[in-house]
Amino acid sequence: MQFISALFTWQNLIHLIDILVIWFLIYELLLLIRGTRAVQLFRGILIIILVKVVSWYIGLSTVSWVMDQIINWGVIAIVIIFQPEIRRGLEHLGRGTFFTHNQTANETEEETIKQLDQAIQYMSKRRIGALISIEMKTGLEEYIETGIPLDADISGALLINTFIPNTPLHDGAVIIKNNRISVAAAYLPLSDSKLIPKELGTRHRAAVGISEVTDALTIVISEETGEVSITKDNELIRNMSRNDYLKFLRAQLYSQTTGKDNNFFTKLFSFFGRRGGGSNE
């Protein structure tokens, strides 16, 4: 009993919290850089640290000094080169994902999904290329400014006509904001990721690119194959069936309004809640 009481002291609790916070920050960092060019940066940093430790241990003073200079000046270079990834991480924190959202009805979201489904089915079967980006919590104003304003209700027919080949608005992206078609023919940032398959074209690179710097949900239809893909949080999900993308759209669009949040703390509290008091379902 004396050992147990000595173990559960306030000081040990502080140390435990300290370790958990660091572990959580590393976990979130790995999620943010997963699938981005920052992965290569992370590997490079590990190699530099390893060289530094080995050179210090065996007494290679010159190599150790060079590694120190690289580490000292590398921080500035990282901020400049990886500005999009850093911005994405800060926006991720600023979106307040530790907290839930107020509950509202989902009728509007369901109507949006219905119209998107109508457009996707038509264009996919006829192999009409399309790029549709839906604003989530991160604003897309800088990309909206590059497009042609529409400010129209979301309509499957309007989306189809927008992407008909050789029409003025077909080249570029449609951006949906606040359940309205904000603009068409908008330019999205192209991803430089080497993980994107080479057979995919500019539309897919733009979809991945916008997902690297924002939390937007982007739908891509391939004009070569009619394949339906979705990007979200730097993930590219390819060859989605109708059931797949409908399920995904409902999960993502509904989650903004129903208070369901899949962040680490929500899962943790839910887990301990089930362990302590059982399920309420």
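None of the values given here were measured: they were computed from a predicted structure. Every heavy atom of this structure was used, including side-chain atoms; hydrogens, water molecules and symmetry mates were not. In this chain, numbering begins with 1 at the start of the sequence shown.
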* Where is the tightest heavy-atom contact between Thr214 and Ala216, given as atom of each residue plus distance? -> OG1-N, 3.1 Å

* Please report the shortest heavy-atom distance between Ala157 and Asn161, naming the atom on each side. => O-ND2, 2.8 Å

* Qualifying residues under salt bridge (Lys or Arg N to Asp or Glu O under 4.0 Å), relative to Arg180, sequence neighbours excluded -> Asp151, Asp153

Compile the donor-acceptor pairs under 3.5 Å between side chains in residues 48-56 and protein atoms, sequence neighbours left out, one pair per line.
| residue | atom | partner | partner atom | Å |
| --- | --- | --- | --- | --- |
| Lys52 | NZ | Ser64 | OG | 2.6 |
| Lys52 | NZ | Asp68 | OD1 | 2.9 |
| Lys52 | NZ | Asp68 | OD2 | 3.1 |
| Ser55 | OG | Val51 | O | 2.9 |
| Ser55 | OG | Lys52 | O | 2.9 |

* Any donor and acceptor pair, going by atom type alone, linking the side chain of Asp244 with main-chain N or O of Ser241 inside 3.5 Å? -> yes

* How would you list, by chain and number, every residue that makes a side-chain hydrogen bond (donor to acceptor under 3.5 Å, both in side chains) with Glu111, sequence neighbours excluded? -> Gln115

* To do: Search all heavy atoms of Gly147 against all heavy atoms of Pro149 and return the closest pair with its distance.
  => O-CD, 3.7 Å

* **Stepwise side-chain contact (heavy atoms from CB on, under 4.5 Å) check, Val174 with Val183** => CA-CA 6 Å; Val174 162; Val183 297; over 6 Å; no

* Asked: Any donor and acceptor pair, going by atom type alone, linking the side chain of Asp215 with main-chain N or O of Lys137 inside 3.5 Å?
  -> yes

* **Single-linkage hydrophobic cluster, 4.5 Å side-chain cutoff, Ile47 and Tyr57 together** => yes

* To do: Could you pull out all residues at least two apart from Gln121 that satisfy side-chain hydrogen bond (donor to acceptor under 3.5 Å, both in side chains)?
  => Tyr245

* Structure fact -> Rounded to the nearest 0.5 angstrom, the CG-CD1 distance for Leu150 and Ile176 is 11.0 Å

* **Glu135 side chain vs Leu140 backbone, donor-acceptor pair below 3.5 Å** => yes

* Asked: Is the closest basic N to carboxylate O distance between Lys232 and Glu212 below 4.0 Å?
  -> no

* From CG (Asp117) to OH (Tyr122), nearest 0.5 Å -> 15.0 Å

* To do: For Arg203, enumerate each residue passing the side-chain hydrogen bond (donor to acceptor under 3.5 Å, both in side chains) test, keeping only those at least two apart in sequence or located in another chain.
  => Glu223

* Euclidean distance, Ile134 CD1 relative to Leu217 CG, rounded to 0.5 Å -> 5.0 Å

* To do: Would you give the length of the straight line joining atom CE of Met240 to atom CG of Leu246, rounded to the nearest 0.5 angstrom?
  => 9.0 Å

* Pairing of Glu109 and Arg250 as salt bridge, 4.0 angstrom limit -> no

* **Side chains of Val228 and Arg238 in contact at under 4.5 Å (non-hydrogen atoms)** => no

* Grab the two heavy atoms, one from Tyr187 and one from Tyr143, that are nearest each other, plus how far apart they are. => O-CD2, 3.7 Å

* Asked: For the hydrophobic clusters of this structure (ILVMFWY residues joined by side-chain heavy atoms under 4.5 Å, transitively), does one cluster hold both Ile132 and Phe248?
  -> yes

Which atom pairs, one a donor and one an acceptor, fall under 3.5 Å between side chains of residues 163-170 and the rest of the protein, sequence neighbours left out?
| residue | atom | partner | partner atom | Å |
| --- | --- | --- | --- | --- |
| Thr167 | OG1 | Ile164 | O | 2.6 |
| His170 | ND1 | Thr167 | O | 2.9 |

* Cluster link Ile19 to Phe24, ILVMFWY, side chain under 4.5 Å -> no

* Structure fact -> Distance col, row Ile196:CD1 vs Lys198:NZ, nearest 0.5 angstrom, shows 12.5 Å

* To do: Look at the side-chain heavy atoms of Ile, Leu, Val, Met, Phe, Trp and Tyr, link any pair under 4.5 Å apart, and say whether Ile219 and Ile237 land in one connected group.
  => yes

* Asked: Heavy-atom distance under 4.5 Å between the side chains of Thr162 and Ile181, does that happen here?
  -> no

* Is there side-chain contact between His204 and Ser222, with at least one heavy-atom pair below 4.5 Å? -> yes

* **Derivation of the side-chain hydrogen bond (donor to acceptor under 3.5 Å, both in side chains) call for Asn179 and Thr108** => CA-CA 7 Å; Asn179 289 304; Thr108 303; 5.2 Å; no

* Between the side chains of Thr218 and Ser133, is a donor N or O closer than 3.5 angstrom to an acceptor N or O? -> yes

* Please check if Leu200 and Ile128 belong to a single hydrophobic cluster, counting links between Ile, Leu, Val, Met, Phe, Trp and Tyr side chain heavy atoms closer than 4.5 Å. => no

* Structure fact -> Nearest heavy-atom contact between Ile144 and Ser182 is CG2-OG, 3.6 Å

* Stepwise side-chain contact (heavy atoms from CB on, under 4.5 Å) check, Ser229 with Leu236 -> CA-CA 7 Å; Ser229 303; Leu236 172 62; 4.0 Å; yes

* Asked: In this structure, which one of Thr202, Thr146, Ile175 forms a side-chain contact (heavy atoms from CB on, under 4.5 Å) with Leu188?
  -> Ile175

* To do: Check whether any side-chain N or O of Arg205 sits under 3.5 Å from a backbone N or O of Leu190 as a donor-acceptor pair, and report yes or no.
  => no

* Looking at Ala207 and Thr231, what are the two nearest heavy atoms and their distance? -> O-OG1, 2.9 Å

* Lys/Arg-Asp/Glu bridge criterion (N-O < 4.0 Å) met for Arg127, Glu224 -> no

* Structure fact -> Rounding to 0.5 Å, atoms CD1 (Ile221) and CZ (Arg126) come to a distance of 11.5 Å

